[in-house]
Amino acid sequence: MDRFIIHGGHPLRGDIVIGGAKNSALKLLVAGLLTPEKLVLDNVPRIADIRTMRRLLEQHGLTVEDISGDGGTLSIGGEITNTEAPYNIVSKMRASILVLGPLLARCGEARVSLPGGCAIGTRPVDLHLKALETLGAKITLENGYIHAEAPNGLKGERVILPFASVGATENLLMAATLARGRTEIVNAAREPEIGDLVGCLNAMGARITGIGTGKLVIDGVEGLHGARYRVMPDRIECGTYACAAAITGGELRLVGGQVEHLGAVVRALEEAGVEMVQEEGAVRVQRTGALRGVDIMTEPYPGFPTDMQAQFMALLSVAEGASMVTETIFENRFMHVPELNRMGARINVHGSSAIIRGVHSLSGAPVMATDLRASFSLIIAGLAAHGETILSRVYHLDRGYEAVERKLAQCGAHIERVSD
Ligand SMILES: CC(=O)N[C@H]1[C@@H](OP(=O)(O)OP(=O)(O)OC[C@H]2O[C@@H](n3ccc(=O)[nH]c3=O)[C@H](O)[C@@H]2O)O[C@H](CO)[C@@H](O)[C@@H]1O
Ligand SMILES: C=C(OP(=O)(O)O)C(=O)O
């Protein structure tokens, strides 16, 4: 198992290229199930979750080719020969549940392992299942698997989501592209990655309107065709490196980053004394003065993203004054707190809120990654801490961040990966 060794105290300066968004690319790959023709995706991030998704699609019978030879451009095509998504892949990566809608729409049936909970919460999929049932699917749960059938195809309906779930919106959206008639998704999630999925599906011949709003309207078509589409830049990676620049008092150009996707993160960083400016083709980030405490609450887009909560908390741990961070999306997303406290932070958790009392400095320590974003929050703390931080279980990080040690080291960080 790999570890990172970080020696803190070196301001980050230079350019970091922001890769394609994990949370978009995964769904765009799944969209390849909706057509036998070739879907070519550019700007695909080279991360473990994408490799897992490739394996899942390949075991459904599709061919995934690495056209660029470096994993950045993939083509997906071929016929579906197997409609089962097995436990060993779904339990590894929850986004696998997204094959359910497309398999059902294309093949009239699917068997997908129930994903179960994960480190950050129980994460049920009831909204996905209810939404597909509204389109006429018959769903049963047996032996840990979801069995969905729609032998006569799906039929468009109005679906009101009780919560703007990202995954339920995406599953339903993909299924509805091939349903008979019109589907309306009311209270749809508005995350930019959903807009990217709609953009790709429309390029494949789908008829979807309402991008960026809480109401998506899908007019079903007979079939989708091949297309070429570029994955949007990863707004969470961009926000993550912004926190890293800010905590070290450095200045970064985040190449390919887009301030408009960051919404509430930009405002929160500004309040904390960090400036993010959109320039041509890059976001420039630097501190404007001392870091100040800020209160934030995670919310669906355009609110503050839960996927930025841990990284922002690391920054607040050395800000002047007190901050309160309230997590409203996942019930167990504070596992970085005890690890940050081992590095000298003063954070108390009360239910779904964490109170952070800013300290003057952090000190390096051996710490353990518990999930993807929590891992990066410990790197951010390690970059500012005195002494050595050893971060173990780096595989969590490799799920979603590409070439972390290279990107940071070329901007002045002292970080190396050690394999046991
Ligand atoms: C691969 C991917 O894109 N993952 C993102 C996606 O996850 P994901 O699509 O799983 O997130 P959702 O928006 O669906 O989940 C939000 C909340 O709704 C609950 N819920 C969801 C579905 C359901 O059927 N029933 C239910 O109760 C979840 O347990 C959670 O508490 O959006 C999250 C919220 O922005 C992000 O943190 C994840 O990084
Ligand atoms: C929680 C995340 O991903 P997933 O939904 O794949 O677990 C994330 O990207 O922070």
Side-chain angles (χ1 to χ4, degrees), residues 19-85 89 93 95-108 110 112 153-154 166-167 169-179 183 191-209 211 216 218-234 402:
K22 165 180 94 74
N23 286 349
S24 177
L26 288 171
K27 328 305 168 55
L28 301 187
L29 277 159
V30 172
L33 285 166
L34 289 165
T35 174
E37 295 182 19
K38 273 195 178 167
L39 171 64
V40 177
L41 299 175
D42 294 302
N43 202 30
V44 178
R46 284 153 284 218
I47 52 176
D49 270 12
I50 294 292
R51 292 191 285 278
T52 307
M53 186 57 86
R54 278 182 70 169
R55 264 202 292 137
L56 180 60
L57 296 181
E58 282 165 355
Q59 70 82 48
H60 286 308
L62 302 194
T63 303
V64 183
E65 279 178 83
D66 179 1
I67 297 187
S68 54
D70 63 359
T73 299
L74 300 179
S75 104
I76 306 112
E79 288 297 344
I80 298 167
T81 55
N82 167 27
T83 55
E84 178 165 319
I89 299 185
M93 188 186 65
S96 311
I97 185 72
L98 289 161
V99 300
L100 181 63
L103 286 174
L104 188 60
R106 271 295 298 294
C107 308
V112 176
L154 297 168
V166 172
T169 301
E170 292 166 335
N171 230 332
L172 183 57
L173 190 56
M174 288 193 275
T177 58
L178 298 179
T183 301
E191 271 66 7
E193 292 76 16
I194 302 225
D196 215 28
L197 178 60
V198 170
C200 179
L201 293 170
N202 281 346
M204 295 166 73
R207 291 174 54 206
I208 306 168
T209 55
I211 287 190
L216 294 169
I218 305 112
D219 285 306
V221 294
E222 279 290 310
L224 297 184
H225 53 70
R228 184 160 190 157
Y229 194 81
R230 186 175 173 82
V231 179
M232 66 177 283
D234 197 317
E402 181 180 322

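It should be emphasised that the depicted structure is a prediction, and the values quoted were computed from it without experimental measurement. Hydrogens, waters and symmetry mates play no part in the numbers below; they use all other heavy atoms, side chains included.
- In this structure, Asn43 contributes its side chain and Arg230 its backbone to no donor-acceptor pair below 3.5 Å.
- The side-chain heavy atoms of Asp66 and Ser75, taken from C-beta on, include no pair separated by under 4.5 Å.
- Taking CE from Met174 and CE from Met204, the interatomic distance works out to 10.0 Å, rounded to the nearest 0.5 Å.
- A 4.5 Å side-chain heavy-atom check between Cys200 and Leu39 finds at least one atom pair inside the cut-off.
- Put simply, the side chain of Asp49 never gets that close to the backbone of Met93: no donor and acceptor are under 3.5 Å apart.
- Across all non-hydrogen atoms, the minimal contact from Gly78 to Leu62 is O-CD2, 3.3 Å.
- To the nearest 0.5 Å, the span separating CG on Asp196 from CG on Asn23 amounts to 11.5 Å.
- The line from CG of Asn202 to CG of Leu224 is 9.5 Å long, rounded to the nearest 0.5 Å.
- With rounding to the nearest 0.5 Å, the separation of CG in Leu33 from CG in Leu104 is 12.0 Å.
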| message | If you apply the rule side-chain contact (heavy atoms from CB on, under 4.5 Å), what do you find for Lys27 with Val166, and how did you get there? | response | CA-CA 11 Å; Lys27 328 305 168 55; Val166 172; 4.2 Å; yes

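- A distance of 6.5 Å separates NZ of Lys38 from CD1 of Ile67, quoted to the nearest 0.5 Å.
- Nearest heavy atoms, Pro45 versus Ile50: O-CG1, 3.4 Å.
- Asn82 places a side-chain N or O within 3.5 Å of a backbone atom of Gln59 that can act as its donor or acceptor partner.
- Looking at heavy atoms from C-beta onward, Leu216 lies in side-chain contact with Ile194 at the 4.5 angstrom threshold.
- The shortest non-hydrogen separation linking Gly199 to Tyr229 is C-CE1, 3.5 Å.
- Each of Val231, Thr73, Leu74 was evaluated against Asp42; a single residue qualifies, Thr73, per the side-chain contact (heavy atoms from CB on, under 4.5 Å) test.
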| task | Could you give me the CA-CA distance, side-chain angles and deciding distance for Leu154 and Leu178, then say whether side-chain contact (heavy atoms from CB on, under 4.5 Å) is met? | result | CA-CA 8 Å; Leu154 297 168; Leu178 298 179; over 6 Å; no

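- In this structure the side chain of Leu28 reaches within 4.5 angstrom of the side chain of Leu197, judged on heavy atoms.
- Shown here for Gly167 and Leu98, the closest heavy-atom pair between the two residues is O-CD2, 3.4 Å.
- Electrostatic pairing of Arg106 and Glu79 counts as a salt bridge here, judged by a charged N lying under 4.0 Å from a carboxylate O.
- Nearest heavy-atom pair, Ile76 versus Gly32, reported as atom, atom and distance to 0.1 Å: CG2-CA, 4.0 Å.
- The two atoms that bring Ala21 and Pro233 nearest to each other are CB-O, 3.8 Å, heavy atoms only.
- Atom CG in Leu34 sits 6.5 Å away from atom CG in Leu201 (nearest 0.5 Å).
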